[in-house]
Amino acid sequence: SEANTQNVAVGDPLNGIPGFPLTENGRQQVKNSIKNSDLPREGCIIYHSPFLRTLQTAEIAAEVLHCNAIYSIDALQERFLGDFELQENAWDNYEKMWKADLENPDHHLFNLESVNEVLERTMRFVLECEAKHTNETIILVSHADPIKIFQTFFNGIEASKHHTDIP
């Protein structure tokens, strides 16, 4: 996304919904990723974060995969990044954030959304989605932290370790 090329973190919906789209390279990465995947080529449903970059990712995926529908869902939005929002040197700030996450998954240092808050909102949606859909392919388009955080649950790993190696 443009945020990545500018090395800034964008986790506030006020910035991420209207701005910071995918770059042309990002669009091509999405197309290549989907084309090289084992995802079914029709009949899927996509739920995506309301951020512009994930909406664009979902639209590309829906076109390539001939999906039935795409829906925006707030539960999949980026982790709220508090004091790190729009700050340069995003990767240095992510390192600070992830270190604090390891020490306490409930922390709000730097005015961040806690790991456990992200886990709760994403898992609630996944469980609702599973209850709503039967024998359908569901694709979730979100952001690195929320995805890695809810992957910990499925792998029996503490959520605070979301930025360590997850199978």
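Applying the ring pair (Phe, Tyr, Trp, His ring centres under 6.0 Å) rule to pairs touching residues 118-142 yields Y47-F125, Y47-H133, sequence neighbours excluded.
Going from atom NE2 of H162 over to atom CZ of F150 covers 13.5 Å, rounded to the nearest 0.5 Å. Note: K132 NZ to L127 CG = 14.5 Å, rounded to the nearest 0.5 Å. Between the CG atom in L109 and the CG atom in D83 there is a gap of 9.5 Å [rounded to 0.5 Å]. Atom-to-atom distance recorded for T122:OG1 and F153:CZ is 10.0 Å, nearest 0.5 angstrom. Remark: I157 CD1 to I149 CD1 distance equals 12.5 Å, nearest 0.5 Å. Within the model, atoms CG of L22 and CD1 of I60 stand 5.5 Å from one another, a figure rounded to the nearest 0.5 Å.
In the hydrophobic cluster analysis, where Ile, Leu, Val, Met, Phe, Trp and Tyr join through side-chain heavy atoms closer than 4.5 angstrom, L65 is grouped apart from L140. Residues L112 and W98 share a single hydrophobic cluster, defined by chaining ILVMFWY side chains whose heavy atoms lie under 4.5 Å apart. Hydrophobic clustering (ILVMFWY, side-chain heavy atoms < 4.5 Å, transitive): L81 and F110 are in one cluster. Residues I45 and V30 do not share a hydrophobic cluster, clusters being chains of Ile/Leu/Val/Met/Phe/Trp/Tyr side chains in contact below 4.5 Å. A single hydrophobic cluster is not seen to contain both V141 and I138; linkage of ILVMFWY side chains at heavy-atom distances under 4.5 Å, directly or through other members, places them apart.
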Q) Hey, mind stepping through E2 and T23 against side chain to side chain contact (heavy atoms under 4.5 Å, CB included) and telling me if it holds? A) CA-CA 6 Å; E2 286 185 6; T23 62; 4.2 Å; yes
Q: Let me see the working for L76 and H143 under side chain to side chain contact (heavy atoms under 4.5 Å, CB included), right down to the final yes or no.
A: CA-CA 8 Å; L76 296 175; H143 308 267; over 6 Å; no
Q.
Run the side chain to side chain contact (heavy atoms under 4.5 Å, CB included) test on R53 and E78 for me, step by step, so that the C-alpha distance in whole Å, both residues' side-chain angles and the decisive distance to 0.1 Å come before the verdict.
A. CA-CA 11 Å; R53 59 192 185 262; E78 178 65 280; 3.5 Å; yes
Q. Would S114 and H108 count as a side chain to side chain contact (heavy atoms under 4.5 Å, CB included) if you check the C-alpha gap in whole Å, the side-chain angles of each, and the deciding distance to 0.1 Å?
A. CA-CA 6 Å; S114 79; H108 289 98; 4.0 Å; yes
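I46 places none of its side-chain heavy atoms less than 4.5 Å from the side chain of Y71. You'll find the side chain of V126 reaches within 4.5 Å of the side chain of F154, heavy atoms only. Residues R121 and Q77 form a side-chain contact, since some pair of their non-hydrogen atoms from C-beta on lies under 4.5 Å apart. Side-chain contact between F80 and E117 is absent, with no heavy-atom pair separated by less than 4.5 Å.
Atom CD of E136 has more than 12 neighbouring heavy atoms from other residues, nucleotides or ligands inside a 6.0 Å radius.
For E120, the side-chain contact (heavy atoms from CB on, under 4.5 Å) partners at least two apart in sequence or on another chain are R124.
One finds a salt bridge joining R79 and D101 here, because a Lys/Arg side-chain nitrogen approaches an Asp/Glu carboxylate oxygen to under 4.0 Å. Under the 4.0 Å criterion applied to side-chain N and carboxylate O atoms, R27 and E59 are not assigned as salt-bridge partners. Electrostatic pairing of K31 and E63 does not count as a salt bridge here, judged by no charged N lying under 4.0 Å from a carboxylate O.
Using cut-offs of 30° and 60° on the angle between ring planes, the pair Y94 and W91 is tilted.
With hydrogens and angles ignored, the 3.5 Å screen pairs no side-chain donor or acceptor of R41 with any backbone N or O of C67.
For N15 and E85, the side-chain atoms include at least one donor-acceptor pair closer than 3.5 Å.
A9 and A90 make their closest contact through N-CB, 3.6 Å (heavy atoms, listed as atom of the first residue, atom of the second, distance). Across all non-hydrogen atoms, the minimal contact from A61 to I34 is CB-CD1, 3.2 Å. Closest approach of Q151 and N155 over heavy atoms only: O-ND2, 2.9 Å. Here the closest heavy-atom approach between residue L52 and residue G19 is recorded as CB-O, 3.7 Å. Minimum heavy-atom separation, P13 to P18: O-CD, 3.6 Å. Heavy-atom minimum distance, H48 versus T54: CB-O, 4.0 Å.
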